[in-house]
Number of protein chains: 2
Amino acid sequence: MPIQPIVTLSERQTLSEQVYNDLKEAIIAGDIAQGAKITEDELAKKYGISRGPLREALRRLESIRLLTKIPHAGMRVITLTPEMIEEIYIVREALEGMSARLAAERMTDEEIEALHLLLHRHANNIDKSDGKLYLQREGDLDFHFRIAQASNNQWLMDLLSSELYQLLRMCRHRTSQAPARPIKALAEHKQIVEAIASRDAELAEMLMRRHISGAWKTVKQLLNEELSEEIVESDQDNKTRH
Amino acid sequence: MPIQPIVTLSERQTLSEQVYNDLKEAIIAGDIAQGAKITEDELAKKYGISRGPLREALRRLESIRLLTKIPHAGMRVITLTPEMIEEIYIVREALEGMSARLAAERMTDEEIEALHLLLHRHANNIDKSDGKLYLQREGDLDFHFRIAQASNNQWLMDLLSSELYQLLRMCRHRTSQAPARPIKALAEHKQIVEAIASRDAELAEMLMRRHISGAWKTVKQLLNEELSEEIVESDQDNKTRH
DNA sequence: TTGGTAGAAATTGTCAACAAACTAATTTTA
DNA sequence: TAAAATTAGTTTGTTGACAATTTCTACCAA
């Protein structure tokens, strides 16, 4: 599976950054498999750069937890086990809960209005084409991202947008493409916006935490089903082999 | 101010790691001033290594937010403004609150017993020598670290111990060396341990969040006092100059 | 067959030189 | 005199070669 060569020569981006972005998307999309071994020389040749900037890109990918490293022994793409996904949702609940609380205190009226509009668009999308799940999913992250922004806390925003949301995107690529309960999620989003609009920080945090722990329960269910399917499949494999 | 040369040749540590650790401590301790410009060549010579591994160390320091970088324009040591310190305490409240909740659910009886012992030692320290504030402070972080460990959530632990606690240590070196209300803090620690011992996750989280937001209020006060003192001092400077 | 040990191959860690970009000082021009 | 342009100097970005370490493989012994 060929990774796209770098073409943005006009941009004044550093090589390391370009490769960082490309690799990030490749890992999230699954073009580079989970648990895959990363060999510097190989990747450097593939991207047509030397190992120096590549190593910097890899370090950055390590810092957002997409790669794990063992000194002298190389790097591997992260493997999203169910346990790891649970960790992500737990950290997410804590951070986004706080984010919603701060948003209720600090969000401007204009931003709240924009959020309302966003939710209306989402409602339309669900009505019209409930097949476009990818869009729906990206829309979900957009909602959460705007609240993170409104928290007015740079660190919180960074943690959420440059680390957590990337991992979430990767989870979603991995999990079966089944609809992630878009109608229920939309209703919960509306509740949260209402709490923010009425400046009820306490409630906003509570609703956001419920929203996320609810999402985790759904994902957990899906993972269990997936797991049992895999077991059935491997049983069938065994049968056909005999 | 000579930074120690690398002597641990017996260790199988990579040069980059050694310099990373040394630089981390130097920044936290204030041996390298806040806002100071980092020049790769200069530091590389000081440590007797080439720029390759040094750059890797710098990247890692950037990823734990001790350095900030602008492409092509160099790196600077972070400057801890009051706003930034507030951000740290807010993120801390969210993460450690969750950490305490999980600890209440998952901590083993042995670990709880060990926590009790730790608090007794702290109580003795306060009685005997209330001058040894540094020890007291490190002890405080030790308490919080153990709870983070008990959360059994690798990501949460990493965020707290390798990022947040380092920033906190830096804040404490910066803030005036006034006692950080050790007696009140100890009482609150005891409450938290009680909640964990009785497996009351809800309460443990609430108490931890209160503990941290209370600590922030104290620190905020100190920062304000410090600020007004500085203004008075600079006024005096002006007078003496005339 | 199993287990362990040497050597060979592959991979990561480190270095020093070169290229590109930015900063600052000086000169030129209006 | 002040603003803009140019140029020298410094600093970061990038490269390819070399050194150190690990992993693989083949071989031997039990």
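Keep in mind that this is a model prediction, so the values were computed, not measured. Every chain is numbered from 1 and lettered A, B, ... according to where its sequence line falls, protein lines coming before strand lines.
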Q: Of all the nucleotides listed (C:dG13, C:dC22, D:dT14), which has the minimum atom distance to the side chain of A:R55?
A: C:dG13

Q: Any non-hydrogen side-chain atom of A:F145 less than 4.5 Å from a side-chain atom of A:Q149?
A: yes

Q: Could you state the atom-to-atom distance from CZ of B:R76 to C1' of C:dT23 in whole Å?
A: 13 Å

Q: How close or far is atom C1' of D:dT14 from atom CD of A:Q18, stated in whole angstroms?
A: 13 Å

Q: Over all strands shown, is B:I38 touching base, sugar-phosphate only, or nothing at heavy-atom distances under 4.0 angstrom?
A: sugar-phosphate

Q: Quick one: which of C:dC22, D:dT15, D:dT23 gets closest to the side chain of B:H72?
A: C:dC22

Q: Less than 4.5 Å apart, side chain to side chain, heavy atoms only: is that true for B:I27 and B:L67?
A: yes

Q: Return the value, rounded to whole Å, for the distance between atom CD of A:E56 and atom P of C:dT12.
A: 17 Å

Q: For A:G52, report the nucleic acid contact type (base, sugar-phosphate, nothing); a contact means any heavy atom under 4.0 Å.
A: base

Q: Return the value, rounded to whole Å, for the distance between atom CZ of A:R51 and atom C1' of D:dG13.
A: 17 Å

Q: Using whole Å, report how far CG of B:D41 lies from P of D:dG9.
A: 17 Å

Q: Quick check for you: among D:dT22, D:dT11, D:dT15, whose closest atom lies nearest to any side-chain atom of A:I49?
A: D:dT15

Q: Whole Å only: how far is the CD atom of B:E17 from the P atom of C:dT12?
A: 16 Å

Q: Let's see if you can work this out: which of D:dT12, C:dG13, C:dA16 has an atom nearest to the side-chain heavy atoms of B:S50?
A: C:dA16

Q: Under 4.0 Å between a side-chain nitrogen and a carboxylate oxygen: does that hold for B:R55 and B:E40?
A: yes

Q: Please report the distance, rounded to the nearest Å, between CD in A:Q13 and P in D:dT14.
A: 11 Å

Q: Of all the nucleotides listed (D:dT14, C:dT23, C:dC15), which has the minimum atom distance to the side chain of B:L15?
A: C:dC15

Q: Choose from C:dC15, D:dT14, C:dT14 the nucleotide whose nearest atom is closest to any side-chain atom of B:T14.
A: C:dT14

Q: So, is A:K69 close to the C:dG13 phosphate, meaning a side-chain N or O under 4.0 Å from OP1 or OP2?
A: yes

Q: Please check the phosphate of D:dT12 (OP1 and OP2 only) for any side-chain N or O of B:K37 closer than 4.0 Å.
A: yes

Q: CG of B:L67 versus C1' of D:dT12: gap in Å, rounded?
A: 15 Å

Q: Near A:K45 NZ, under 6.0 Å, is it more than 12 heavy atoms from other residues, nucleotides or ligands?
A: no

Q: I want to verify a distance call: between D:dG13, D:dT15, C:dG13, whose nearest atom is closest to the B:E40 side chain?
A: D:dG13

Q: For a side chain to side chain contact (heavy atoms under 4.5 Å, CB included) check, start with the C-alpha distance between B:L58 and B:V19, then their side-chain angles and the critical distance, and finish with the verdict.
A: CA-CA 9 Å; B:L58 294 179; B:V19 172; over 6 Å; no

Q: Students often get this wrong, so: under 4.0 angstrom with heavy atoms, is A:P53 touching a base, only sugar-phosphate, or nothing?
A: base

